Structures are given as structure tokens and as C-alpha cells.
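Contents: one structure, followed by commentary.
Every value quoted in this text rests on a predicted model; they were computed, and no experiment measured them. Just so it is clear: chains get the letters A, B, ... in the order the sequence lines come, proteins before strands, and each one is counted from 1.
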Amino acid sequence: MKYDYSELYIRIRDNVYNIGQQVKVENPELGANIQASDEDYPMFRDFMKEAFNNVIGHLVKHTSLSVPSNSENETEITVAPLRKMDDKSRDQITGLIYSSISDYVCAYCVNRWLLLKYPKMAMPASMENIYKYVSMIDSKVRRRPTCLAGI
Amino acid sequence: MKHKITIDKNAVYENVYAYTAMAGKNKSDMSTYAATPDNIPVLDKYFTEGLGVISSNTESSIDGDSILFDVPSNWDTMLSGSLSNSCENFLSKHISSMWFSSLNQDLYKINETESASIIVDIKRILNVRRRPR
């Protein structure tokens, strides 16, 4: 799954633009400050890297995952399914994981930005969806039938 | 990025002549109230002062008769004309208010209030951002 930082940044900018428009009703200067521009991209790139590191740090416990040496503006995450599944299901789940990671990275960056600009509106990003979809490709847990041990 | 607005000083002074002449006509005392090109040295001082007021209320610096606004790249450049007009209107009102300050307190207050509201308008224009595409 390849993530292009500049594409993610478009989404993030759109989010913070809308938040800024809301804030402008009460405080135009603060609202304008929240609306990120191209000059803010380097800071957001750092936030995106942090967010991907968080994802990798959490996923590594559940799945086989590799992060190839990436360029400055993109990251690639490989989540290897441990369970046998057909191509269709795998593609579907891959799509779900891809979008849940994108959503998390965007939410994380918006939250970090708001903590700097307007902490009142900041809301921590959740990894709930990533866990949910990754668990679908996790290996099945085989337990010993301990309840039969006495027989 | 820097966005340069060059003020048409003559247009500003023409406005000042018009505002002050109107006040002179209303007060039936043209010679006292109406500013003329003979008063340009005084008006120049008020003009410079007005540029300073804009600069201190916004993120900008002054370069001769121009104002260099420090705006982010997502500032809506379509509003450049509005910004220029607002700056000229502000300067016209500010100079008029300063001109009236020693002549008539009511006229001073009216022009001062108007110039203050134009500063708010200038800030509002500078706070507009383009929607990301």
C-alpha cells in the first residue's frame, strides 16, 4: 500500500480549511491561521511520518509488515496476510485497511495541527478501524481444547 | 509571500479634497475646512502616519508609497483590488480625520470611526483563504 504525502496533504488541507471556516465566524484571524497553506507542508510531512510510525508500531504486533526505504514524499506499508484467503476478499480488506490508515493519518495530522493552533478543537485520532480491518487478515488463533483435558 | 499594494497618493488626496470640501460647504466655511494642494506637506505627514497604522494592524511593511503585505500562498489574490481600494479608502478617511482633529471634533470622530471600520475590513480581506483544490 503506497501513500503519497502530497495527496494526503490535499485531504488534510481540505479538513483544516473547513474547520477554519467554522472558527472564522467567531474569530476571523484564528480561522485564517488554522487554514494551512503550501508553506506548512514540511510540518505536515513530519506529522504524517509520525502517524505512519504509529501505525507501523501497532501493526507490527499483529501482522508481517515491511517499510521499504521510502522517498521523502511517500511511504509504503506492506501488510502480509497470515490467513489464507481468496483474492477477492484480500483485495477488499486491503482496500479497507488502506483507507482506514489514510483516515487515521489525516485525523492525526489535523489533531497535531489543531493542538498548535486551536487546542480547544483538537480531537485525538483513533486507530479503531485499522485494528478492526487488520484483525480480518490476522491468523486464526488455535487453542488447545483444555476443556476436554479431563476426559 | 509578499503582496505589494501601491497606493495612488493622488487619488487619496483627491478624496481628501472632496471630503473636506463637502464639510466646508456644509459648515459654510470653505477656507477653514477644505484642504487644498497647498496643504500637501501636512497631508503627506498624515499619509505616512496612515501607512503606519495599516502596517501596525496587519502583517506588513512599508516601502515608500507601497505596502508589502505578508500573506500565505493560499491567500485569495482575487481580492487584491479590494485590498487596494480598502487601503486607499482607509488612508482618505484617516487623513480627513486627522485634518478635522483640530477643526471639528464631531467630524474627526465620524471619520475616525469610519477609518477604524475600514481597518477591520482590510483584516477581513487578508484573512480570506482559497479553498484547496
Side-chain angles (χ1 to χ4, degrees), chain A residues 3-48 51 72-74 99 102-103 105-118 120-122, chain B residues 1-5 7 50-63 66-91 93-94 112-133:
Chain A
Y3 293 92
D4 187 336
Y5 285 9
S6 52
E7 275 175 26
L8 287 169
Y9 187 50
I10 292 170
R11 262 185 76 181
I12 294 164
R13 268 186 68 179
D14 208 32
N15 282 343
V16 292
Y17 175 85
N18 290 328
I19 294 168
Q21 287 297 96
Q22 270 184 353
V23 175
K24 269 183 186 178
V25 177
E26 283 183 6
N27 189 337
E29 216 157 314
L30 179 62
N33 253 333
I34 289 172
Q35 293 173 322
S37 68
D38 288 346
E39 290 90 60
D40 301 311
Y41 177 68
M43 187 182 277
F44 276 100
R45 196 176 52 206
D46 291 345
F47 292 159
M48 282 186 249
E72 190 67 354
N73 291 311
E74 51 182 37
S99 57
S102 301
D103 293 345
V105 170
C106 289
Y108 179 87
C109 293
V110 170
N111 177 52
R112 283 297 308 267
W113 180 248
L114 288 175
L115 282 172
L116 294 174
K117 300 284 177 180
Y118 192 31
K120 212 170 108 181
M121 280 198 92
Chain B
M1 70 178 195
K2 297 278 183 194
H3 186 80
K4 191 175 186 173
I5 295 282
I7 306 293
L51 288 177
V53 174
I54 295 175
S55 178
S56 61
N57 277 280
T58 57
E59 279 185 40
S60 59
S61 53
I62 301 162
D63 178 22
S66 301
I67 308 167
L68 291 166
F69 287 100
D70 197 3
V71 288
S73 59
N74 59 344
W75 180 68
D76 197 342
T77 46
M78 297 280 278
L79 295 170
S80 182
S82 305
L83 182 62
S84 176
N85 285 341
S86 293
C87 287
E88 288 186 5
N89 286 341
F90 168 77
L91 288 165
K93 288 289 174 188
H94 176 77
E112 186 62 22
T113 309
E114 284 177 0
S115 66
S117 75
I118 299 170
I119 275 285
V120 174
D121 201 38
I122 290 172
K123 284 184 183 175
R124 190 187 57 77
I125 292 169
L126 290 169
N127 284 334
V128 176
R129 301 285 180 267
R130 269 196 325 270
R131 179 177 278 280
R133 277 161 290 178

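- Other residues, nucleotides and ligands contribute more than 12 heavy atoms inside 6.0 Å of the CE atom of B:M1.
- The interface of residues 35-42 of chain A with chain B, defined by heavy-atom distances below 4.5 Å, comprises A:Q35, A:A36, A:S37, A:D38, A:E39.
- Within residues 9-19 of chain A, the residues that have a heavy atom under 4.5 Å from a heavy atom of chain B are A:I10, A:R13, A:D14, A:Y17, A:N18, listed by number.
- Applying a 4.5 Å heavy-atom cutoff, the residues of residues 120-129 of chain B that approach chain A are B:K123, B:N127, B:V128, B:R129.
- With sequence neighbours left out, the side chain to side chain contact (heavy atoms under 4.5 Å, CB included) criterion links A:L30 to A:V23, A:N27, A:I34, A:Y118.
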